2 protein chains.
Amino acid sequence: MKGFSFKSYLTSNLTISEEEVATLLHQCTIKEFNKGDFLVRENEFCKQVYFVEEGLLRQFFMDESGKEHILQFAPENWFAADRESFYFNQPSKYFIQALEPTKVAIMDDVYIKNLEATMHGFLDFNNRLLHNHIRALQNRIVSLLSETAEKRYLNFIQLYPDVMLRVPLTMIASYLGITPESLSRVRKDLANKPH
Amino acid sequence: MKGFSFKSYLTSNLTISEEEVATLLHQCTIKEFNKGDFLVRENEFCKQVYFVEEGLLRQFFMDESGKEHILQFAPENWFAADRESFYFNQPSKYFIQALEPTKVAIMDDVYIKNLEATMHGFLDFNNRLLHNHIRALQNRIVSLLSETAEKRYLNFIQLYPDVMLRVPLTMIASYLGITPESLSRVRKDLANKPH
DNA sequence: TCTATCACTTGATGTATGTTAAGAAATGGA
DNA sequence: TCCATTTCTTAACATACATCAAGTGATAGA
């Protein structure tokens with residue numbers, strides 16, 4: 001289990017001993033997915049939290065007309081899960097899918113409950129994750145309420161330059177809440193602009 | 001402190017003794033605001049969490065062009081706070097304002113830190129609040145990404161019928177992400193529809 | 001290498017929503 | 001009670017973005 005990003009992540013984000021990190025990693029499953037594989041599907045119960053070691057995930061949902069809308073990309077060192085399904089024990093509205101061959105560290109509900117009960121500082125750690133999540137969600141809403149597609153696109157590039165280079169524009173468009181055609185035009189306009 | 005909604009809320013949502021509830025309420029401040037008063041302003045640090053006993057709050061931000069966008073309404077038995085500012089200790093991007101004469105129970109950061117350290121079950125309680133918040137935010141994003149203004153309006157009515165009756169349509173429009181004129185047209189169309 | 005699929009672009013046109021302007025109806029102080 | 005302000009509606013016009021359709025490259029299996 002040496003050399004995993006999850007380890008570095010934990011040691012630098014949790015005030016816990018080497019020993020505790022070892023326990024934590026020992027109980028935690030590593031799993032690999034192929035490009036296109038689903039980690040969670042709509043209507044399933046999401047009972048795991050995923051930490052991306054390598055690769056890239058997306059969380060998306062399908063609306064009534066069958067269109068896909070991406071809520072989140074999760075590249076290396078990000079977490080992915082449907083917190084709603086996980087916490088409230090409800091069937092998920094979302095899919096979580098690997099966009100590249102992806103290696104994840106998996107913390108399931110039993111594992112997490114266990115840590116919460118035994119490891120001092122784990123609740124704080126999870127609290128941090130939740131607040132990061134809330135921050136991201138709030139910023140997304142602010143952006144959707146107040147910014148044009150062009151502005152949202154520019155924000156995206158700046159915020160997730162790595163993701164930008166790794167996924168097709170169709171998916172960026174889906175994240176931004178516009179059609180691929182519109183994104184193409186936004187990009188054309190930007191290219192023709194001074195600056 | 002008898003007869004406060006916050007008390008009922010706590011007893012029915014926390015597995016704590018009468019004694020603990022008493023302590024909790026004893027340390028907690030009650031404050032009243034007039035219609036129009038600000039509990040938090042942009043660029044201030046939000047160091048308190050508000051529980052609405054009576055009245056109605058809104059959380060909103062102002063975009064670059066000076067337009068207001070409402071993130072959340074908080075009627076009786078709801079919590080309001082800028083979790084981002086509170087947790088990350090950053091100046092807030094938001095305003096929190098009373099839309100009616102409003103009585104709130106205030107938990108400040110010292111109070112909360114204290115409870116986290118001393119009261120078993122408080123972390124779980126806060127965790128629940130955070131997950132409720134995440135759920136609401138996610139649903140909002142889903143709605144903004146995939147639904148028309150009309151659908152969002154119908155959702156709003158169903159989800160917050162009480163708020164609907166207590167705030168001007170301008171604010172509903174601001175919450176929905178459209179102009180008051182557009183909301184007016186949406187309502188007209190709905191009225192002319194066979195249901 | 002060939003072919004099917006996917007990714008991206010472009011153009012023509014449609015639609016939802018924004019903007020500007022005006023006025024009517026409701027509300028709240030003085 | 002009256003006046004000022006806010007709220008809501010309506011209309012004409014503008015704009016951002018969607019839809020539909022087509023075509024060009026790029027990519028990846030067979």
Side-chain angles (χ1 to χ4, degrees), chain A residues 34-37 56 58 60 62-70 73 97-101 141 143-157 163-193, chain B residues 34-37 55-56 58 60 62-70 73 97-101 140-141 143-157 163-193:
Chain A
N34 294 321
K35 179 174 176 172
D37 285 355
L56 179 60
R58 66 164 176 159
F60 69 98
M62 259 169 91
D63 69 22
E64 291 170 1
S65 72
K67 241 171 293 176
E68 293 178 0
H69 301 272
I70 296 179
F73 293 104
Q97 185 186 30
L99 296 179
E100 299 174 359
I141 291 171
S143 179
L144 287 169
L145 284 177
S146 67
E147 295 173 355
T148 62
E150 181 173 305
K151 190 99 185 283
R152 296 205 297 280
Y153 173 65
L154 290 171
N155 280 168
F156 186 89
I157 294 175
V163 174
M164 182 66 208
L165 300 171
R166 290 161 71 179
V167 309
L169 291 174
T170 317
M171 293 199 183
I172 310 282
S174 164
Y175 180 94
L176 297 175
I178 58 177
T179 59
E181 293 93 333
S182 289
L183 179 54
S184 183
R185 277 185 277 260
V186 164
R187 284 160 55 83
K188 192 184 175 187
D189 288 352
L190 284 171
N192 293 335
K193 262 191 188 171
Chain B
N34 295 320
K35 179 174 175 170
D37 284 356
L56 179 60
R58 67 164 175 160
F60 69 98
M62 259 170 92
D63 68 21
E64 291 169 1
S65 72
K67 241 171 292 175
E68 292 178 0
H69 302 271
I70 295 179
F73 293 104
Q97 186 186 31
L99 297 179
E100 299 174 358
R140 186 88 183 275
I141 292 171
S143 180
L144 287 169
L145 284 177
S146 67
E147 295 174 356
T148 62
E150 180 171 308
K151 190 99 184 284
R152 295 205 297 279
Y153 173 65
L154 290 170
N155 281 167
F156 185 89
I157 294 175
V163 175
M164 182 67 207
L165 299 172
R166 290 161 71 179
V167 309
L169 291 173
T170 317
M171 292 199 183
I172 310 282
S174 164
Y175 180 94
L176 297 176
I178 58 177
T179 59
E181 294 90 338
S182 288
L183 179 54
S184 186
R185 275 185 286 256
V186 163
R187 284 160 56 83
K188 191 184 176 187
D189 288 352
L190 284 171
N192 293 336
K193 262 191 189 171

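Just so it is clear: chains get the letters A, B, ... in the order the sequence lines come, proteins before strands, and each one is counted from 1. All values reported here derive from a predicted model rather than from experimental measurement.
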ask   = Looking at CD1 of B/Ile70 and CE of B/Met171, how far apart are the two atoms once the value is rounded to the nearest 0.5 Å?
value = 5.5 Å
key: Reported CG-to-CG distance for the pair B/Leu176 and A/Leu145, which is rounded to 0.5 angstrom   = 9.5 Å
request  = Kindly say whether, by distance alone, the side chain of B/Arg152 makes a donor-acceptor pair under 3.5 Å with the base of C/dT17?
outcome  = no
key: Validation row: B/Lys151, A/Glu64 side chains within 4.5 angstrom (heavy atoms)   = yes
message = Side chain of A/Thr179 only, heavy atoms from C-beta on: which candidate in C/dT9, D/dA18, C/dG18 is closest?
response = D/dA18
message = By the 4.0 Å heavy-atom rule, please label B/Lys35 as base, sugar-phosphate, or nothing.
response = nothing
task = May I ask you to verify if any side-chain N or O of A/Thr148 is less than 4.0 angstrom from the OP1 or OP2 atom of D/dA16?
result = no
key: Steps toward salt bridge (Lys or Arg N to Asp or Glu O under 4.0 Å) verdict (B/Arg187, B/Glu150)   = CA-CA 8 Å; B/Arg187 284 160 56 83; B/Glu150 180 171 308; over 6 Å; no
query = Between D/dT19, C/dG18, D/dA11, which one does the side chain of A/Lys67 approach most closely?
reply = D/dT19
Results of side chain to side chain donor-acceptor pair (under 3.5 Å) for A/Asp63 - residues two or more places apart only = A/Ser65, A/His69
message = Run the side-chain contact (heavy atoms from CB on, under 4.5 Å) test on B/Ile178 and B/Arg152 for me, step by step, so that the C-alpha distance in whole Å, both residues' side-chain angles and the decisive distance to 0.1 Å come before the verdict.
response = CA-CA 10 Å; B/Ile178 58 177; B/Arg152 295 205 297 279; 3.8 Å; yes
note = In whole angstroms, the gap separating P of D/dC17 from CD of A/Glu147 amounts to 12 Å
inquiry  = Near DNA chain D, counting only heavy atoms under 4.0 Å, which residues of residues 164-178 of chain B show up?
reply    = B/Pro168, B/Leu169, B/Thr170
ask   = Ignoring hydrogens and angles, are the base of D/dT7 and the side chain of B/Arg187 linked by a donor-acceptor pair under 3.5 Å?
value = no
ask   = If you check every side-chain atom of A/Ser184, which of C/dT20, D/dT19, C/dT10 has the closest atom?
value = C/dT10
Whole-Å distance separating the CZ atom of B/Arg185 from the C1' atom of D/dA11 = 9 Å
request  = Please work out the stems of DNA chain D from pairs that are Watson-Crick or G-U wobble with both distances under 3.5 Å, keeping only runs of three or more consecutive pairs.
outcome  = C:1-30 with D:1-30
message = Nearest 0.5 angstrom please: A/Tyr175 OH to A/Arg58 CZ, how far?
response = 14.0 Å
request  = Check whether NZ of the Lys or CZ of the Arg A/Arg166 lies under 6.0 Å from the centre of the six-membered ring of A/Phe73 and within 45 degrees of that ring's axis.
outcome  = no
ask   = What distance separates B/Phe156 CZ from B/Met164 CE, expressed to the nearest 0.5 Å?
value = 7.5 Å
